[in-house]
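Both ligands and their constituent atoms are indexed starting at 1 by order of listing. Sequence positions, counted from 1, serve as the residue numbers for this chain.
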Amino acid sequence: MISGTVTDASGRILSGQTVEAFWNSVRHAKPITIGLNCALGATLMRPYVKELSKICDTFVCVYPNAGLPNPMSDTGFDETPEITASLVKEFAEAGFMNIAGGCCGTTPDHIAAIAQALQDTPPRQVPAIPVKLRLSGLEPLNVGEGDLFVNVGERTNVTGSKAFARLILNAQYDEALSVARQQVENGAQIVDVNMDEAMLDSKAAMVRFLNLMASEPDISRVPVMIDSSKWEVIEAGLKCVQGKAVVNSISMKEGLDEFKRQARLCKRYGAAVVVMAFDEKGQADTFARKTEICERAYRILVDEVGFPPEDIVFDPNIFAIATGIEEHDNYGVDFIEATRWIRQNLPHAHISGGVSNVSFSFRGNEAAREAIHTVFLYHAIAAGMTMGIVNAGMVGVYDNLDPGLRTRVEDIILNRPPTLPADLSADSPEREKTTTERMIEFAATLVQGGKKKEET
Ligand code: THG
């Protein structure tokens with residue numbers, strides 16, 4: 001039985017979570033009851049009890065104080081047994097709860113009065129809750145069918161940002177925290193944290209940074225994605241976070257025993273997992289390999305480990321395209337089609353990926369990269385991609401892209417022959433260029449912000 005205490009009209013428990021965030025954090029323990037107690041007394045608890053009763057697919061238990069504490073009264077509390085009992089009875093009649101009791105200021109007489117009052121009231125019916133990925137920081141983040149795409153902030157990553165790496169290596173943690181804050185302000189609904197750097201005690205840095213994040217409500221309101229290739233770093237991170245986090249990542253790379261061991265621990269910590277399309281033979285690069293690995297991992301997780309399918313987030317590997325190497329040209333299509341297949345064939349599982357990887361060959365050209373991310377996401381989201389690790393605030397709007405840029409980007413992402421203007425002459429040298437060549441040429445004419453450079 002798990003009970004929380006909402007301490008004031010903010011509707012948050014002592015550690016800062018809203019009641020739904022709290023429920024999302026503890027639901028994996030499959031408690032017999034979840035509930036609220038103490039604090040405000042029944043009257044002021046009502047909206048929070050009502051909310052819990054709607055969202056929890058287990059029994060709800062409520063044991064309020066005998067009203068608000070009143071140091072002037074003899075017992076320290078104002079409510080008589082009859083008053084508390086009538087308030088609790090109203091909750092029961094409204095269908096809010098299954099188990100009742102009393103907390104501070106209640107006496108055996110209060111409990112007897114409550115028991116008497118509830119004698120003939122039927123218990124709450126436990127509702128069926130829609131299947132969703134239900135994460136939390138201080139606030140909930142629920143992701144299911146029909147919900148919007150989720151942006152995961154990529155910048156708090158020592159391998160993904162030179163600036164962040166410098167701050168962590170210099171132990172400038174206040175400045176490093178502001179990187180996390182900016183990501184949230186720019187629309188990141190999850191923050192990815194990665195401390196995998198050879199010059200760093202990654203485990204200590206992960207623990208320190210997550211604990212500092214937890215003390216900043218404007219950052220810790222969102223869930224964390226704990227990103228490391230070392231399990232011990234991930235597990236140390238899991239021990240820090242209050243909410244329901246996402247582990248990034250586990251895979252079958254080191255064999256099935258290790259995969260299952262890590263998955264069982266994630267389940268026990270109540271974390272969702274990113275599962276990379278990676279097995280004993282290597283990282284999946286084609287549609288066939290991506291779907292084969294994801295299906296196999298899904299069956300093991302769901303059938304053998306008992307992992308909730310809605311807590312599985314597949315990453316079918318986003319690789320760089322337009323690199324000039326022909327084997328890379330179909331990577332965008334392979335990811336998008338694998339996403340579509342996973343959505344259709346692996347019920348409730350989600351899809352994520354490191355979006356900035358796709359444009360690595362345009363490093364240094366932010367305008368080109370932003371356009372590539374925008375078009376890539378447009379197609380990947382349509383195919384069912386749930387979330388993406390992105391530079392929050394740096395993803396544009398598909399419809400606002402310059403049409404010339406958009407078609408060139410679309411040509412490389414969808415790996416199709418160059419889309420040429422209808423009026424192009426038959427002997428134009430444009431006809432000799434590959435899709436990638438046309439994009440590289442055009443990218444060179446771009447300046448920051450996606451506008452064309454003025455020719456002087
Ligand atoms: N899948 C999963 N996790 C991942 C990845 C993935 N985590 C890491 C990475 N890939 C996603 N994160 C980033 C972060 C930054 C960049 C790319 C991916 C990036 N950074 C600029 C660069 O390198 O050019 C930064 C330049 C700078 O500011 O220093 O592109 O695929 N599950």
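Contact analysis puts Ser161 in contact with ligand 1, with a non-hydrogen atom separation below 4.0 angstrom. Contact analysis puts Asp315 in contact with ligand 1, with a non-hydrogen atom separation below 4.0 angstrom. Note on ligand 1: Phe164 sits outside its first shell, no heavy atom being nearer than 4.0 Å.
Residue Lys162 holds the heavy atom nearest to atom 29 (O) of ligand 1 of all those in Lys162, Glu154, His373. In the candidate list Met276, Glu366, Arg363, Arg363 is nearest to atom 22 (C) of ligand 1, counting heavy atoms. Comparing heavy-atom distances from atom 19 (C) of ligand 1 across Pro316, Gly160, Ser352 singles out Gly160 as nearest.
Here the heavy atom of the protein found nearest to atom 3 (N) of ligand 1 is Asn248 ND2, 3.0 Å. Given atom 9 (C) of ligand 1, the protein heavy atom at minimum distance is Asn357 OD1, 4.0 Å. Nearest non-hydrogen protein atom to atom 17 (C) of ligand 1 is Ser356 CB, 3.4 Å. Scanning the protein for heavy atoms near atom 7 (N) of ligand 1, the closest one is Asp227 OD2, 2.9 Å.
At least one N or O atom of Gly354 sits closer than 3.5 Å to an N or O atom of ligand 1.
Ring geometry for Phe164 versus Phe209: interplanar angle over 60°, hence perpendicular rather than tilted (30 to 60°).
In this structure, Met213 and Thr156 have side chains that are not in contact, with every pair of non-hydrogen atoms separated by 4.5 Å or more. Side-chain contact between Phe360 and Arg363 is present, with at least one heavy-atom pair separated by less than 4.5 Å.
Across Phe376, Phe314, Phe319, a single residue satisfies ring-ring contact (aromatic ring centres under 6.0 Å, His included) together with Phe335, and that is Phe376.
For the residue pair Asn170 and Glu175, no side-chain donor N or O sits within less than 3.5 Å of a side-chain acceptor on the partner.
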